[in-house]
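As structure tokens, the structure follows; a few thoughts come after it.
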Amino acid sequence: MSRDRIIQTPLMPPGICLNLFGTYWVRDRAWVDRYIINHERIHNAQMRELLWIPFYIAYVFEWLYLLIFRYRNWDKAYRAISFEREAYAHGDDLSYLSRRRRFAQWRRPLR
């Protein structure tokens with residue numbers, strides 16, 4: 001975790017970690033553990049593949065589509081974003097990134 005940049009600020013809502021270009025913004029660092037860091041590192045891999053700005057554009061558009069046309073619920077739409085589905089599915093697997101396939105957020109899971 002030492003190479004991860006975590007910035008603590010009272011401007012963030014409690015229990016939220018915002019990943020901006022590989023820097024993690026939180027209100028309180030106490031709840032940030034290796035699994036949260038792994039979740040965010042999965043997002044970092046997704047960002048690198050999409051060259052950062054397109055990642056954020058795709059993320060926001062997918063969330064808005066899911067929010068407006070599918071779920072009409074902020075949390076359900078957020079959890080259904082392809083980027084979040086991958087990160088939540090593998091956030092507790094600390095070795096996942098070593099075997100992750102490129103663009104895994106858009107691939108069907110292997111059975």
Side-chain angles (χ1 to χ4, degrees):
M1 277 189 352
S2 60
R3 68 183 174 143
D4 298 292
R5 295 175 305 256
I6 302 172
I7 297 176
Q8 187 172 328
T9 174
L11 301 175
M12 288 298 299
I16 300 290
C17 181
L18 178 65
N19 184 340
L20 290 176
F21 302 99
T23 301
Y24 315 141
W25 297 74
V26 297
R27 181 181 201 116
D28 179 16
R29 294 174 70 132
W31 65 274
V32 179
D33 60 14
R34 61 186 175 175
Y35 302 106
I36 298 293
I37 295 296
N38 193 51
H39 176 103
E40 297 305 329
R41 285 179 179 168
I42 293 168
H43 287 317
N44 291 344
Q46 296 164 344
M47 286 181 217
R48 281 191 303 276
E49 289 170 351
L50 294 173
L51 304 176
W52 292 275
I53 299 298
F55 165 85
Y56 289 105
I57 292 169
Y59 189 103
V60 168
F61 276 111
E62 186 174 355
W63 177 74
L64 285 172
Y65 172 81
L66 292 167
L67 179 66
I68 294 167
F69 297 109
R70 237 159 150 203
Y71 296 106
R72 299 181 193 261
N73 176 290
W74 185 93
D75 190 56
K76 286 181 181 179
Y78 160 76
R79 293 209 175 248
I81 298 169
S82 58
F83 303 106
E84 292 299 338
R85 283 195 326 261
E86 179 192 9
Y88 278 110
H90 302 287
D92 60 346
D93 180 356
L94 299 179
S95 65
Y96 173 69
L97 284 171
S98 66
R99 64 181 187 285
R100 179 184 181 267
R101 296 174 64 195
R102 291 179 52 81
F103 303 104
Q105 69 272 10
W106 293 321
R107 294 176 184 265
R108 295 237 182 251
L110 298 175
R111 294 181 190 212

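All values below come from the heavy atoms of this structure, side chains included, with hydrogens, waters and symmetry mates left out. Along the sequence shown, the residues carry numbers beginning at 1.
- Once rounded to the nearest 0.5 Å, the distance linking CG of L20 with CH2 of W52 reads 14.0 Å.
- The distance from atom OH of Y59 to atom CD of Q46, rounded to the nearest 0.5 Å, is 9.0 Å.
- Legend: residues meeting side chain to side chain contact (heavy atoms under 4.5 Å, CB included) with A80, ordered by chain and number and at least two apart, are L66, Y71.
- Every residue meeting the ring pair (Phe, Tyr, Trp, His ring centres under 6.0 Å) condition with H43, not counting sequence neighbours, appears here in chain and number order: H39.
- Residues I6 and L94 do not share a hydrophobic cluster, defined by chaining ILVMFWY side chains whose heavy atoms lie under 4.5 Å apart.
- Screening residues 47-57 for salt bridge (Lys or Arg N to Asp or Glu O under 4.0 Å) gives E49-R100 as the qualifying pairs, with residues at least two apart or on separate chains.
- In terms of hydrophobic clustering, with Ile, Leu, Val, Met, Phe, Trp and Tyr side chains grouped at heavy-atom distances under 4.5 Å, W74 and V60 are assigned to a common cluster.
- Residues satisfying the side chain to side chain contact (heavy atoms under 4.5 Å, CB included) criterion with D92, sequence neighbours excluded, are Y35.
- Here I57 pairs with I53, F61 under the side chain to side chain contact (heavy atoms under 4.5 Å, CB included) rule; sequence neighbours left out.
- Shown here for E84 and Y78, the closest heavy-atom pair between the two residues is OE1-OH, 3.3 Å.
- Note that CZ of R27 and CD of Q8 are 9.5 Å apart. Values are rounded to the nearest 0.5 Å.
- For D28, the salt bridge (Lys or Arg N to Asp or Glu O under 4.0 Å) test picks out no residue, with sequence neighbours left out.
- Residues T23 and R5 approach most closely at OG1-NE, 3.2 Å, considering heavy atoms.
- Cluster membership check: L67 shares its hydrophobic cluster with I81, using side-chain heavy-atom separations under 4.5 Å among Ile, Leu, Val, Met, Phe, Trp and Tyr.
- With sequence neighbours left out, the ring pair (Phe, Tyr, Trp, His ring centres under 6.0 Å) criterion links Y56 to F21.
- Residues that satisfy the side chain to side chain donor-acceptor pair (under 3.5 Å) test with N44, not counting sequence neighbours, are N19, Y24.
- Residues in residues 50-61 take part in no salt bridge (Lys or Arg N to Asp or Glu O under 4.0 Å) pair, two or more places apart or across chains.
- No chain of hydrophobic side-chain contacts below 4.5 Å, direct or via other Ile, Leu, Val, Met, Phe, Trp or Tyr residues, connects W31 to Y88.
- Between the CG atom in L50 and the CZ atom in F55 there is a gap of 7.5 Å [rounded to 0.5 Å].
- Taken from CZ in R29 to CD1 in I7, the straight-line distance is 9.5 Å, to the nearest 0.5 Å.
- Taking CG of N38 as the start and CG of D4 as the end, the distance is 10.0 Å to the nearest 0.5 Å.
- Annotation: side chain of R85 is not in contact with side chain of F83 (no heavy-atom distance under 4.5 Å).
- Transitive grouping of hydrophobic side chains (ILVMFWY, heavy atoms separated by less than 4.5 Å) brings I68 and Y65 into a common cluster.
- Within 6.0 Å of CH2 on W25 lie no more than 12 heavy atoms contributed by other residues, nucleotides or ligands.
- Contacts of R72 classified as salt bridge (Lys or Arg N to Asp or Glu O under 4.0 Å), with partners at least two apart in sequence or in another chain: none.
- Residues that satisfy the side chain to side chain contact (heavy atoms under 4.5 Å, CB included) test with H90, not counting sequence neighbours, are I42, E86, Y96.
- Scored by the side chain to side chain donor-acceptor pair (under 3.5 Å) test, D93 finds S95, R99 as partners (sequence neighbours excluded).
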